[in-house]
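Accompanying notes for the structure given below.
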Amino acid sequence: MMAIMNPGDADSWLALAKQFLSLFGVVLAALVIVLVSVGLVFEFLNARHPERKIQKGRTNKRKWKELYRAPGSLVIIALCFSGGLFAQMKGWTITPFELNWWTGPLFLAVSVLLYDTWFYWIHRMLHCKPFYRFHALHHKSLAPTVWSNHHESLPEAFFNQAYYLIIPFFLPIPWQMLVLQKLYDQVSGMLGHAGFEHFASPAGRTPFPLASTVFHDQHHSHFAYNFGHTFSIWDRMLGTLYPKYDETLEGFEHTKPDNAQ
Ligand SMILES: [Zn+2]
Ligand SMILES: [Zn+2]
């Protein structure tokens with residue numbers, strides 16, 4: 001990666017293309033590793049804790065259909081993410097801050113907040129009639145599974161991930177924090193679709209701003225609610241929070257294993 005950042009590189013188009021493809025390949029490989037490892041961890045956890053299933057009356061047998069769409073989704077994610085990172089490394093964006101004890105947490109927090117805002121409004125847009133045809137595929141799973149995260153059309157993947165392509169032009173975020181955010185984004189996206197609420201906590205409900213697995217699961221089962229991702233802030237402010245969200249999540253805080261007395 002340091003070779004890519006070397007300002008002495010010969011910037012011929014061919015050299016640039018080779019450098020970009022190297023970065024793209026590394027990002028894509030990392031995304032595949034995250035997808036498979038996180039997916040398997042959740043399949044293991046879900047099998048051990050059937051009592052944590054959110055939609056108890058519904059079974060999703062679409063795993064392979066959902067995974068069939070994953071390669072296209074991962075390629076778009078990798079293109080957008082590598083594109084933004086590459087532009088920053090080449091000095092085509094605003095100059096990022098050096099990573100230190102305060103720039104790291106500050107810019108990571110700002111970027112996570114910005115992305116949640118981006119995601120909420122893009123998601124609202126995708127639910128509008130002219131754009132819904134790009135989002136309909138993702139909603140075929142009424143009860144999502146950990147594999148549903150990448151069950152999306154290519155335009156939908158691009159609308160969501162374009163954030164990573166353009167944010168280095170507006171936010172001087174250290175590249176290490178962008179990588180960390182992307183990693184978080186991939187894992188939390190799969191967690192949000194897991195179909196089982198393993199991490200219920202008061203932090204996921206009012207008065208706290210965080211969301212949960214129940215939060216996005218209810219978006220799939222009730223459709224017109226819960227458009228955010230990491231936070232419930234926009235949904236609470238704009239009246240799109242599912243009315244029984246807080247009480248459903250609280251119910252899972254008291255769920256005991258099936259074999260517990
Ligand atoms: Zn939706
Ligand atoms: Zn979803």
Side-chain angles (χ1 to χ4, degrees), residues 27 31 34-35 66 69-85 87-88 93 107-142 144 147-171 173 177-193 209-242 245:
V27 171
L31 290 174
V34 171
L35 171 76
E66 291 178 344
R69 296 284 181 162
S73 166
L74 292 182
V75 166
I76 297 289
I77 295 170
L79 278 174
C80 290
F81 185 71
S82 316
L85 203 57
Q88 192 194 62
T93 64
F107 283 105
L108 181 63
V110 169
S111 192
V112 168
L113 271 168
L114 285 176
Y115 181 68
D116 207 62
T117 302
W118 173 281
F119 184 85
Y120 179 88
W121 288 105
I122 291 286
H123 198 175
R124 290 292 300 266
M125 181 191 85
L126 287 169
H127 275 249
C128 294
K129 205 169 179 189
F131 293 95
Y132 187 68
R133 61 202 163 111
F134 302 128
H135 189 45
L137 181 72
H138 187 67
H139 273 285
K140 284 197 171 175
S141 300
L142 290 176
W147 308 108
S148 309
N149 191 37
H150 295 287
H151 188 231
E152 60 183 351
S153 70
L154 301 185
E156 173 174 352
F158 180 74
F159 284 132
N160 284 327
Q161 301 297 322
Y163 173 86
Y164 289 99
L165 189 57
I166 63 175
I167 197 62
F169 290 87
F170 298 97
L171 189 71
I173 180 171
M177 292 298 102
L178 262 186
V179 171
L180 199 57
Q181 183 182 2
K182 191 80 211 80
L183 184 62
Y184 159 76
D185 193 28
Q186 292 305 114
V187 175
S188 67
M190 294 183 77
L191 169 65
H193 288 93
L210 286 173
S212 63
T213 304
V214 164
F215 183 82
H216 191 68
D217 198 281
Q218 288 178 336
H219 177 69
H220 279 263
S221 57
H222 299 288
F223 191 70
Y225 300 96
N226 302 4
F227 292 92
H229 173 58
T230 293
F231 303 108
S232 61
I233 302 169
W234 281 105
D235 286 289
R236 288 185 194 277
M237 282 196 309
L238 297 177
T240 51
L241 185 78
Y242 184 61
Y245 167 67

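Numbers here simply count residues along the sequence, with the first being 1.
Nearest heavy atoms, S73 versus L154: N-CD2, 4.2 Å. Closest approach of G84 to P168, counting heavy atoms only: O-CG, 3.5 Å. N226 and Y242 make their closest contact through OD1-N, 2.8 Å (heavy atoms, listed as atom of the first residue, atom of the second, distance). When every heavy atom of A70 is checked against every heavy atom of L35, the shortest pair comes out as CB-CD2, 4.3 Å. Considering all non-hydrogen atoms of both residues, L241 and F215 come closest at CD1-CE1, 3.6 Å. Residue H127 comes nearest to F223 through the heavy atom pair CE1-O, 3.3 Å, listed as atom of the first residue, atom of the second, then distance.
Applying side-chain hydrogen bond (donor to acceptor under 3.5 Å, both in side chains) to H138 and the options E156, H150, H193 leaves one that passes, H193.
Side-chain atoms of S188 come within 3.5 Å of backbone N or O of Y184 as a donor-acceptor pair. A donor-acceptor contact shorter than 3.5 Å is absent between the side chain of S111 and the backbone of F107.
Looking at heavy atoms from C-beta onward, L126 lies out of side-chain contact with Y132 at the 4.5 angstrom threshold. Proximity of D116 to I233: side-chain heavy atoms (C-beta onward) are nowhere separated by under 4.5 Å. Side-chain atoms of K182 and L85, non-hydrogen and from C-beta on, never get closer than 4.5 Å to each other. Annotation: side chain of W234 is not in contact with side chain of R124 (no heavy-atom distance under 4.5 Å). L79 places none of its side-chain heavy atoms less than 4.5 Å from the side chain of F158. Contact check for F119 versus D185: no side-chain heavy atoms found under the 4.5 Å cut-off.
With hydrogens and angles left out, the side-chain atoms of H216 and H229 include no donor and acceptor closer than 3.5 Å. With 3.5 Å as the limit, one finds a donor-acceptor pair spanning the side chains of T240 and Y120. Side chains of Y245 and D235: a donor-acceptor N/O pair is absent below 3.5 angstrom, by distance only. For the 3.5 Å distance criterion, the side chains of Q88 and T93 fail to qualify, holding no donor opposite an acceptor. Using modelled atom types, one finds a donor on one side chain and an acceptor on the other under 3.5 Å when comparing H123 with H219. At a cut-off of 3.5 Å, with distance as the only test, a side-chain donor of R236 or S232 sits close to an acceptor on the other residue.
Summarising the geometry, atom CG belonging to L183 is positioned 9.5 Å from atom CG belonging to L31; distances are rounded to the nearest 0.5 Å. Put simply, CD on Q186 and CD on Q181 are 11.0 Å apart, with the number rounded to the nearest 0.5 Å. The CD atom of E152 sits 8.5 Å away from the CG atom of L137 when rounded to the nearest 0.5 Å. In this structure, CG in L113 is found 9.0 Å from OG1 in T230, a value given to the nearest 0.5 Å. How far CG of N149 is from CD1 of I77: 7.0 Å, rounded to the nearest 0.5 Å. Distance check, rounded to the nearest 0.5 Å: CD1 of I122 to CZ of F131 gives 8.5 Å.
In this structure, the ring of F81 has its center no less than 6.0 angstrom from the ring center of Y115.
Ring geometry for H139 versus H220: interplanar angle of 30 to 60°, hence tilted.
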Would you please test F159 and H135 for side chain to side chain contact (heavy atoms under 4.5 Å, CB included) and show each step?
CA-CA 10 Å; F159 284 132; H135 189 45; over 6 Å; no
